[in-house]
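One structure below.
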Amino acid sequence: MAVTIKSEREIRLMREAGKILGEIYDKIGEQIKPGMSTLEIDQIGEKMILEANCIPECKGYEGFPNAFCVSVNEAVVHGIPNKDFILKEGDIVTLDTVLSHEGYMADAARTFAVGEISEDDRALIDNTRAAFYEGLKHAVAGNHLFEISKAVQDYAEGCGYGVIRDLVGHGIGKDMHEDPEVPNFKPIGRGMKLRKGMTICIEPMIARGDYEIWVLDDEWTCVTRDGSRAAHHENTVLITDGEPEILTPGATA
Ligand code: MF3
Ligand code: CO
């Protein structure tokens, strides 16, 4: 799937899609508490997507069964919601979903605290979000893609964390995953030149320990090999000649 440059109309639709998703996260964030199952969270979120007349694009994507990926503690991404997986005080939970609105996608992820969490886990969540914003500073037309990657990596590693390498950000538009890939670590080279009208997902996935992950027997849930807790922060971003625009804005963006 090639890199696509969006027209004004496409940008307007993606902005509308993203605003809906940003607001959904702000509302869900207020509801997360100990005793809920990961399936309950998925169901609350799916209802919000449907009530906004949008399509939950993860559901059925390569066979994924639910609207939201719900990943707890050492799970980094792609956790499958489960009625028997009950959140408890001190857990951290990552929600990740994609919705579409009039054919255009918005993709974002947030890690939330369940009740009171440890200082180290709070720092992990806050620093993962900060790593996103470090990357975002470089998301400007004329810059090279891996400047974003380097900024995310330098910030996260500077905190002593591991940057997940097996999963990367991506372009987005009519398709959930378009080119280019957006790594959170710096590959060799500079990467492609960013152009006005590109829309990309910047999504640091960060572990308190080592960056290596593996996939559970459910063939979806990615967990850290060392069992350390992980956080994920993702927004859909529009490249402009000046400040990048977060297309999935809100209090938790
Ligand atoms: N934001 C996730 C991704 O880009 C959403 C995937 S939907 C799933 O990988 F169905 F694959 F879970
Ligand atoms: Co994504």
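This chain uses plain numbering: 1 for the first residue, then up along the sequence. What you see below is based on every heavy atom in this structure, not just the backbone, and it leaves out hydrogens, waters and symmetry mates. One-based numbering, in listed order, for ligands and for the atoms of each.
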Query raised in the report: Does CZ in Arg225 sit with more than 12 non-hydrogen atoms of other residues, nucleotides or ligands closer than 6.0 Å?
Result: yes
Testing the 3.5 Å rule here: is there a donor-acceptor pair between the side chains of Asp120 and Ser118? no
**Message:** For Lys186, is the NZ atom crowded, meaning more than 12 foreign heavy atoms sit under 6.0 Å from it?
**Reply:** yes
*Consider only side-chain N and O atoms of Glu203 and His233, and report whether a donor and an acceptor are under 3.5 Å apart.*
no
The answer for which part of Cys69 has a heavy atom under 4.0 Å from ligand 1 is side chain
In Asn82, Asn66, Thr97, the residue satisfying side-chain hydrogen bond (donor to acceptor under 3.5 Å, both in side chains) with Asp42 is Asn66
Asp107 heavy atoms within 4.0 Å reach ligand 1 at atoms 1 (N), 4 (O)
Review point. Are a donor atom and an acceptor atom from the side chains of Thr94 and Thr111 found within less than 3.5 Å of each other?
Key: yes
What class does the angle between the rings of Trp220 and Phe64 fall in, given that below 30° is parallel, 30 to 60° is tilted and above 60° is perpendicular? perpendicular
Ranked by distance from atom 9 (O) of ligand 1, the top protein heavy atom is His78 NE2, 3.2 Å
### Query
Do the side-chain N and O atoms of His101 and Glu16 include a donor-acceptor pair separated by under 3.5 angstrom?
yes
Between Cys201 and Asp107, the two heavy atoms sitting closest are SG-CB, 3.7 Å
Margin query: With the threshold set at under 4.0 angstrom, would you say Glu234 reaches ligand 1 through any of its heavy atoms?
Written below: yes
Logged contact type for His177 with ligand 1, heavy-atom cut-off 4.0 Å, is side chain
Quick look: Lys59 vs ligand 1, heavy-atom contacts under 4.0 Å, and the answer is neither
The protein N, O or S atoms lying under 2.8 Å from the Co ion (ligand 2) are Asp107 OD2, His170 NE2, Glu203 OE2, Glu234 OE2
Taking distance alone, with N or O pairs closer than 3.5 Å, would you say Asp96 contacts ligand 1? yes
In this structure, atom 7 (S) of ligand 1 is nearest to the protein heavy atom Cys58 SG, 2.7 Å
For residues 245-253, which side-chain N or O atoms pair as donor and acceptor with protein atoms under 3.5 Å away, sequence neighbours left out?
residue: Glu245; atom: OE1; partner: Arg15; partner atom: NH2; Å: 3.0
residue: Glu245; atom: OE2; partner: Arg15; partner atom: NE; Å: 2.7
residue: Thr248; atom: OG1; partner: Asn235; partner atom: OD1; Å: 2.8
residue: Thr248; atom: OG1; partner: Thr236; partner atom: N; Å: 3.1
residue: Thr252; atom: OG1; partner: Asp26; partner atom: OD1; Å: 2.7
residue: Thr252; atom: OG1; partner: Arg110; partner atom: NE; Å: 3.0

At under 4.0 Å between heavy atoms, what of His170 touches ligand 1? The answer is side chain
For Phe64, the ligand 1 atoms with a heavy-atom partner under 4.0 Å come out as 10 (F), 12 (F)
Around atom CD of Glu243, are there more than 12 heavy atoms from other residues, nucleotides or ligands closer than 6.0 Å? no
